[in-house]
Amino acid sequence: MSAFKSDFLRVMSERGFIHQISDDAGLDQLFARETVTAYVGYDATATSLHIGNLISATMLYWLQETGHRPIALMGGGTSMIGDPSFRDDQRKLLTPEAIATNIEGIKRIFDRVLRFGDGAGDAIMVNNADWLMKLNYVEFLRDVGRHFSVNRMLTFDSVKLRLEREQSLSFLEFNYMILQGYDFVELSRRYGCRLQMGGSDQWGNIINGVDLGHRMGTPQLYALTTPLLTTSSGAKMGKSAKGAVWLNGDLYSPYDFWQYWRNTEDADVTRFLKIFTRLPLGEIARLAALGGSEINEAKKVLATETTAIVHGREAADQAEETARKTFEEGALAETLPTVEVGKADLESGVGILSLFVTAGLAASNGEARRHIRGGAVRLNDQSVSDDRRLVTLEDLGPEQVVKLSLGKKKHVLVRPV
């Protein structure tokens with residue numbers, strides 16, 4: 001469907017969020033005539049969400065901005081099993097205590113993205129443990145399980161790929177999609193929820209919920225998924241040299257987060273500005289028109305605006321200023337990422353290779369050695385050519401730190417303790 005009448009679906013379409021909708025016309029009419037409650041589910045498998053989750057969280061933001069009610073569903077119950085979708089093996093089983101800790105970490109993100117409260121348009125956060133942990137197994141099989149066709153479930157890509165690879169899919173995991181479908185029905189009954197949103201890899205699970213609702217007598221339910229986001233070079237979003245790009249600052253610093261977006265490929269800048277920032281489309285069009293080296297200004301805007309959403313405006317401005325001082329003035333910015341190394345170790349000398357690994361600038365000594373041979377490594381802004389170089393207390397500058405650099409954009413301070 002090309003032209004949506006409702007504000008929400010028009011925003012979703014213009015900004016590139018839509019991959020599939022179960023019923024375009026029906027959902028558009030629903031949004032045009034009433035306040036719609038919609039949800040996205042998040043399993044608590046870590047203490048933070050990552051940038052892949054930022055896409056769906058931004059969809060909930062725009063849902064609220066266009067006058068509707070978002071639900072952020074915490075998977076306190078489903079996290080006891082773990083989503084098997086497109087995984088090669090079973091997830092590690094988490095304890096209830098670990099899940100509760102993870103949910104507390106995830107809440108920090110949503111406090112920045114959504115407005116919570118008791119008003120008609122205020123977002124709500126719900127935990128599916130509230131109903132899943134109270135289910136009677138036999139009653140659940142009779143009332144809910146009978147509506148699921150195993151034949152159909154075996155055709156879903158998330159299951160089929162696992163079986164085609166001859167990798168075990170436990171009965172525990174097979175139940176995950178039943179529980180997710182039941183979540184949709186429960187949210188419909190409790191909160192009048194009509195729409196579930198998620199990534200394209202969740203299409204089968206979401207449609208399960210739509211069908212289950214039909215069989216169990218809910219109003220018509222709907223599904224909306226986003227495209228799997230990859231870079232123009234084909235790489236999956238959300239990975240860096242340091243691993244996953246987390247949204248909580250204790251796992252991935254605001255400065256590193258800013259730098260991640262600053263390093264966006266030229267061909268992706270416009271698309272990412274539409275999806276990850278709240279800038280008006282007219283302003284994005286102006287930035288998209290920048291050519292040549294001016295595209296770097298658009299990348300800085302992308303980095304600062306996205307960092308402001310996740311970490312706050314002050315942290316975003318500080319990250320931008322740190323980058324400016326480091327790259328444009330050549331100054332040593334005290335707010336650069338810092339690692340601590342024992343003073344006694346520096347007295348005897350620490351190998352440059354292992355120090356780079358400790359600083360997170362290389363995954364192994366071998367990788368650090370290759371960077372040195374490629375001329376990409378600097379110590380206190382001086383090129384390093386000897387991979388046996390020892391870093392000692394004599395390398396400390398006036399600020400009593402050692403500055404390690406990989407290329408022009410990655411810098412870490414080493415501070416003795």
*Let me see the working for K299 and D266 under salt bridge (charged side-chain N to carboxylate O under 4.0 Å, His left out), right down to the final yes or no.*
CA-CA 8 Å; K299 292 181 183 181; D266 291 1; 2.6 Å; yes
_ring-ring contact (aromatic ring centres under 6.0 Å, His included) assessment of F356 paired with H371_ = CA-CA 10 Å; F356 254 68; H371 287 316; 7.5 Å; no
*Any idea which heavy atoms bring L49 and I109 closest together, and the distance?*
CD1-CG2, 4.5 Å
*Got L212 and F184 here, is their nearest side-chain heavy-atom distance under 4.5 Å?*
no
*State whether D130 and R190 are salt-bridged, where the test is any N-O pair (Lys NZ or Arg NE/NH1/NH2 against Asp/Glu carboxylate O) under 4.0 Å.*
no
*Between L279 and L273, what is the shortest heavy-atom contact and its length?*
CD1-CD2, 4.1 Å
*Below 4.5 Å, heavy atoms only, C-beta onward: do K403 and R378 meet side chain to side chain?*
no
_Less than 4.5 Å apart, side chain to side chain, heavy atoms only: is that true for I207 and S22?_
yes
_Under a 3.5 Å distance rule, please check whether N53 uses its side chain to pair with a backbone N or O of H50 as donor and acceptor._
yes
*Taking the side chain from T306 and the backbone from A303, do they hold a donor-acceptor pair closer than 3.5 Å?*
no
*Taking C-beta and beyond as the side chain, do L228 and D201 meet within less than 4.5 Å on heavy atoms?*
no
*Classify the angle between the aromatic ring planes of W261 and F276 as parallel (below 30°), tilted (30 to 60°) or perpendicular (above 60°).*
tilted
_Taking the basic N atoms (NZ, or NE/NH1/NH2) and the acidic carboxylate oxygens, is any pair closer than 4.0 Å for R108 and D111?_
no
*Can you check whether T66 reaches F31 side chain to side chain, under 4.5 Å on heavy atoms?*
no
*Using only heavy-atom distances, determine whether the side chains of W131 and D183 contain a donor-acceptor pair under 3.5 Å.*
yes
*So which heavy atom on F140 is nearest to which on Y182, and how close?*
CE1-CG, 3.8 Å
_Minimum heavy-atom separation for Q64 and P70, please, with both atom names._
CB-CG, 3.9 Å
*Using the side-chain hydrogen bond (donor to acceptor under 3.5 Å, both in side chains) rule, take E265 and S232 through it: C-alpha gap first, then chi angles, then the decisive distance, then the call.*
CA-CA 7 Å; E265 296 176 27; S232 293; 4.6 Å; no
*Between K107 and E104, is any pair of side-chain heavy atoms under 4.5 Å apart?*
yes
*Check: L54 main-chain N/O paired with T58 side-chain donor or acceptor under 3.5 Å*: yes
*asked:* Taking the side chain as everything from C-beta on, heavy atoms only, tell me whether F17 gets closer than 4.5 Å to I55.
replied: yes
_Shortest non-hydrogen separation from W258 to A323 and the atoms involved_ = CZ3-CB, 3.5 Å
*May I ask you to test the L229-F272 pair for a side-chain heavy-atom distance under 4.5 Å?*
yes
_Main chain of K5, side chain of R10: is a donor-acceptor contact present, judged purely on distance under 3.5 Å?_
yes
*Chi angles and distances behind the ring-ring contact (aromatic ring centres under 6.0 Å, His included) call for Y191, Y39*: CA-CA 10 Å; Y191 303 101; Y39 90 99; over 10 Å; no
*For L361 and L404, work out which heavy atoms get closest and say how close.*
CD1-CB, 3.9 Å
_For D24, is there any backbone N or O sitting under 3.5 Å from a side-chain donor or acceptor partner on D28?_
no
*asked:* Determine whether a donor-acceptor pair (N or O, by modelled atom type, separation under 3.5 Å) exists between the side chain of R313 and the backbone of A308.
replied: no
*Please test Q196 against N205 for side chain to side chain contact (heavy atoms under 4.5 Å, CB included), starting from the C-alpha separation and ending with a verdict.*
CA-CA 10 Å; Q196 183 182 357; N205 288 342; over 6 Å; no
*N102, T78, N128 screened by side chain to side chain donor-acceptor pair (under 3.5 Å) with D43, the one that passes*: T78
*Quick one: do E65 and R115 make a salt bridge, cutoff under 4.0 Å?*
yes
*Check step by step if side chain to side chain contact (heavy atoms under 4.5 Å, CB included) holds for L247 and I51.*
CA-CA 6 Å; L247 303 187; I51 64 167; 3.7 Å; yes
*Output yes when a side-chain donor or acceptor of T358 lies under 3.5 Å from a complementary backbone atom of S354, and no otherwise.*
yes
